[in-house]
Amino acid sequence: MQVHKYDVVIIGAGGAGMRAAIEAGQRVRTAVLTKLYPTRSHTGAAQGGMCAALANVEEDNWEWHTFDTIKGGDYLVDQDSAEVMAKEAIEAVLDLEKMGLPFNRTPEGRIDQRRFGGHTRDHGKAPVRRSCYAADRTGHMILQTLYQNCVKHNVEFYNEYYVLDLVMVEDEDGVRRPAGVVSYDLATGDVHVFQAKSIIFASGGCGKIFKTTSNAHTLTGDGMAIALRNGIPLEDMEFVQFHPTGLAGLGILVSEAARGEGGILRNSDGERFMERYAPTIKDLAPRDIVARSMANEVREGRGCGPNKDYVLLDLTHLEPSHIDEKLPDITEFARTYLGVEPYTEPVPVFPTAHYAMGGIPTNIKAEVHANSEDIIPGLYAAGEVACVSVHGSNRLGTNSLLDINVFGKRAGMYAAEYAASADFLPVSDDAADETLALLNQIRNGEGTEKVGQLRKELQDVMDADMQVFRTEETIHNAVDKIVELEERYKSIQIQDKGKRFNLDLLEAVELGFLLELAKVMSVAALHRKESRGGHFREDYPDRDDANFMKHSMVYRDETTEMEGIKGLRFDTKPVTFTRYEPMERKY
Ligand SMILES: Cc1cc2nc3c(=O)[nH]c(=O)nc-3n(C[C@H](O)[C@H](O)[C@H](O)COP(=O)(O)OP(=O)(O)OC[C@H]3O[C@@H](n4cnc5c(N)ncnc54)[C@H](O)[C@@H]3O)c2cc1C
């Protein structure tokens, strides 16, 4: 076992991890551990844009942005976080511009801005142009820009190092604090321990719990599951965003920018059905509303295609030159994967699992919560892995690229500040034992179950029972299946027993993470007997502020059992209000 020592260790080299690294790396010794090469992180797949009330093309201000974020999140948003994000958005965009990001420009040379769902002028009066973008490859540009700046600041990367555990110890005052992480080097199969004063989780989302998803194969929620296994609760995990426009049957994303640039959703009658569901902002309503409306059209028999199981995204009224300039990649996806020509034919689309609103609970300094009140000194999280609760129960488009930049920067600054005055905590010789035991157990497993098969069954049941519509019955069905799969997981056998580049082994570990998170998600969904944002219970179709205006917190706890589910404990955390009272959510 090799041991390394850094002031700050960052888990993940996506937008959040690298934005944090730029801050921490300029202040203290910083290492970034990442299971992918940095520029392959999912941030690079982001298409549509990153919002900030720059008011470059239309009147706008950060307070309207705050309001839209809170209303868009169906009032489960922590309002202090939303204010920080909307206020610091402007600087976040300008930071990137100074680092060299090639944003699209207006004829006068300012950063151009376009429309996105739920972003409005003057508290919902009309859509506003708030999203800064670089064609439909904004995330790619952000990731490349951040990577170049990390290189410039000599940030040390450990590429293809999979973090598999966190080392938590009690300090002299009896406070549980992080002392380091345990990681697995894909190339050699060796286990390395990284001792650190501050640790930042920036390991991204968990979309692979579902079959139909816009997420990359690697988004298996590792950071969330590792936190849970180390006694840290997960917040608001029942809230998953289903993005309205995945390519039908595939889930590959067609950015909301398509509707921001004028695209229209139509049913089998050719009707622009969003006029019925959101008369004011129509196709640019928040994603939860659009996704449910689409699913409803299909249910009521107005779906398109041979099986009437999707709706159409119509771009045919846009000039081909406009499409080529603003939406080149996503229209190419439609051609490549569905054989559809967006200049002349509407594109078949259906909701796809896209974003985890929940995650590791944090506050505005990106500090991780140990429970509803206390923080864990030295532990930070930012980006999709975290739940600083700026997105509440539904995230607005372009608010995630913003979140990773604002809270990534904050995490890097506060983690470095903490490390500058803290001491290293001791890491004992057996710190990696649990990880080694887990890896050996999988490697030596001689059962008959296959990882790919179990993952498929998990994804199938989550698509069927935990998607846009949920009921007590469907959620219980999902839970029963997950419990069955957990049992079968104990008898998996992998084919590759070798040491080097053993992805077979790591996919088995990742499946363990997915199963654990799917269970947390389902348990939280069972508890929330109301409908809010991305969580829609057909048996409780209304929002119920009296009973459920609070965050869910799920803990791993072997001693408890609830609703027939063993090993998890449920609790809540209050929502932070500053000045926006919950209102009815009409668009
Ligand atoms: C197709 C698509 C389009 C999108 N478009 C937009 C958009 O236009 N606007 C917007 O605001 N949002 C968009 N989003 C959402 C947004 O891109 C993501 O939420 C955001 O980029 C997540 O950034 P992150 O840094 O948290 O995680 P990621 O970019 O996913 O990075 C995660 C990092 O963690 C590392 N990692 C994970 N597990 C481990 C482990 N066990 N050990 C070590 N390293 C690990 C990975 O290697 C990776 O470097 C889009 C998402 C998708 C999927």
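Atoms considered below: every heavy atom in the structure, side chains included; atoms not considered: hydrogens, waters and symmetry mates. Counting starts at 1 for both ligands and their atoms, in listed order.
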Distance filter under 4.0 Å to Asn399 heavy atoms, resulting ligand 1 atoms: 11 (O)
Who's the nearest protein heavy-atom neighbour of atom 42 (N) of ligand 1, and how far? Val163 N, 2.8 Å
Region of Leu36 engaging ligand 1 - heavy atom pairs below 4.0 Å: both
Within less than 4.0 angstrom of ligand 1, does Gln47 place any heavy atom? yes
Look at ligand 1 and say whether His243 reaches it with a heavy atom at a distance under 4.0 Å. no
So which atom in Pro244 and which in Ala291 form the shortest heavy-atom distance, rounded to 0.1 Å? CG-N, 4.0 Å
Is the contact between Glu160 and ligand 1 made by the side chain, the backbone, both, or neither, using heavy atoms and a 4.0 Å cut-off? neither
Hey, which atoms in ligand 1 end up nearer than 4.0 Å to a heavy atom of Thr398? 9 (N), 10 (C), 11 (O)
Flag side-chain contact, heavy atom, 4.5 Å: Glu156 against Arg29: yes
Please say whether Tyr355 places an N or O atom under 3.5 Å from an N or O atom belonging to ligand 1. no
Could you tell me whether the side chain of His42 reaches within less than 4.5 Å of the side chain of Thr218, counting heavy atoms only? no
Please check this pair: side chain of Thr220 against backbone of Asp222, looking for a donor-acceptor N/O pair closer than 3.5 Å. no
Ala13, any N or O under 3.5 Å of ligand 1 N or O: yes
Applying salt bridge (charged side-chain N to carboxylate O under 4.0 Å, His left out), can you list everything that pairs with Asp433, at least two apart in sequence or on another chain? none
For Gly383, the ligand 1 atoms with a heavy-atom partner under 4.0 Å come out as 26 (O)
Check: Tyr355 ring centre within less than 6.0 Å of His391 ring centre: yes
Option whose closest heavy atom lies nearest to atom 17 (O) of ligand 1, chosen from Gly44, Gly12, Ser131, Ala46: Ala46
Against ligand 1, does Gly15 come closer than 4.0 Å with any heavy atom? yes
Within the 4.5 Å heavy-atom criterion, are Asp136 and Lys326 side-chain neighbours or not? no
So, regarding Gly48 and ligand 1 (criterion: nitrogen or oxygen to nitrogen or oxygen, under 3.5 Å), is there a contact or not? yes
Provide, to 0.1 Å, the distance between atom 27 (O) of ligand 1 and the closest protein heavy atom, together with that atom's residue and name. Gly204 CA, 3.4 Å
Would you mind checking which non-hydrogen protein atom is closest to atom 24 (P) of ligand 1, with the distance to 0.1 Å? Thr43 OG1, 3.9 Å
Tell me whether Ala202 reaches ligand 1 (any heavy atom closer than 4.0 angstrom to a ligand atom). yes
Mind checking whether Leu219 has a heavy atom under 4.0 Å from ligand 1? yes
Please verify whether a non-hydrogen atom of Ser255 lies at under 4.0 Å from ligand 1. no
Thr106 and Asp112 side chains, donor-acceptor separation under 3.5 Å: no
List the closest protein heavy-atom neighbour of atom 25 (O) of ligand 1: residue, atom name, distance to the nearest 0.1 Å. Ala16 N, 2.9 Å
Against ligand 1, does Gly205 come closer than 4.0 Å with any heavy atom? no
Regarding ligand 1, does Gly49 bring an N or O atom to under 3.5 Å of one of the ligand's N or O atoms? yes
At what distance is the nearest protein heavy atom to atom 46 (C) of ligand 1, and which residue and atom is it? Thr34 OG1, 3.8 Å
Would you mind checking which non-hydrogen protein atom is closest to atom 49 (O) of ligand 1, with the distance to 0.1 Å? Ser41 OG, 2.7 Å
Using a strict cut-off of 4.0 Å, indicate which atoms of ligand 1 neighbour a heavy atom of Leu253. 1 (C), 2 (C), 3 (C)
Over 60° means perpendicular and under 30° means parallel, so tell me whether Phe239 and His535 are parallel, tilted or perpendicular. perpendicular
Atoms of ligand 1 less than 4.0 Å from Ser214 heavy atoms? 1 (C), 53 (C)
Protein heavy atom at shortest distance from atom 52 (C) of ligand 1: His42 NE2, 2.6 Å
Interfacing atoms of ligand 1 (cut-off 4.0 Å, heavy-atom, Asp222): 38 (N), 39 (C), 40 (C), 41 (N)
Over 12 non-hydrogen atoms of neighbours within 6.0 angstrom of CZ in Arg229: yes
Does ligand 1 have any atom that is closer than 4.0 Å to a heavy atom of Tyr161? yes
Considering all heavy atoms, the nearest Ala518-Leu458 contact: CB-CD1, 3.8 Å
Under a 4.0 Å heavy-atom limit, does Glu256 contact ligand 1 with its side chain, its backbone, both, or neither? neither
At a non-hydrogen distance cut-off of under 4.0 Å, which region of Asp403 contacts ligand 1 (side chain, backbone, both, or neither)? neither
Out of curiosity, is Asn215 lining ligand 1, as in a heavy atom under 4.0 Å away? yes
Measure from NZ or CZ of Arg287 to the centre of the six-membered ring of Phe242 and say whether it is under 6.0 Å with the direction within 45° of the ring axis. no
Mind jotting down which residue pairs meet the side-chain hydrogen bond (donor to acceptor under 3.5 Å, both in side chains) criterion with at least one end in residues 138-155? Sequence neighbours excluded, please. none
Taking the side chain as C-beta and beyond, is there a heavy-atom pair between Thr245 and Val347 under 4.5 Å? no
What is the closest protein heavy atom to atom 11 (O) of ligand 1, and at what distance does it sit? Leu401 N, 2.7 Å
What verdict does the side chain to side chain contact (heavy atoms under 4.5 Å, CB included) test give for Ile376 and Met168, after you've listed the backbone C-alpha separation in whole Å, the side-chain angles of each residue and the deciding distance to 0.1 Å? CA-CA 10 Å; Ile376 303 175; Met168 295 288 286; 4.0 Å; yes
What about the rings of Tyr158 and Phe194, do their centers lie closer together than 6.0 Å? yes
Stepwise side chain to side chain contact (heavy atoms under 4.5 Å, CB included) test for Leu284 and Arg115: CA-CA 8 Å; Leu284 287 176; Arg115 297 191 175 122; 3.9 Å; yes
Quick one: do Arg121 and Trp64 satisfy side chain to side chain contact (heavy atoms under 4.5 Å, CB included)? Show the steps, please. CA-CA 7 Å; Arg121 175 169 57 78; Trp64 292 351; 3.6 Å; yes
Would you kindly check if the NZ (Lys) or CZ (Arg) of Lys71 is within the cone defined by 45 degrees around the ring axis of Tyr587 and under 6.0 Å from the six-membered ring centre? yes
Using non-hydrogen atoms of the residue, decide whether Met18 is closer than 4.0 angstrom to ligand 1. no
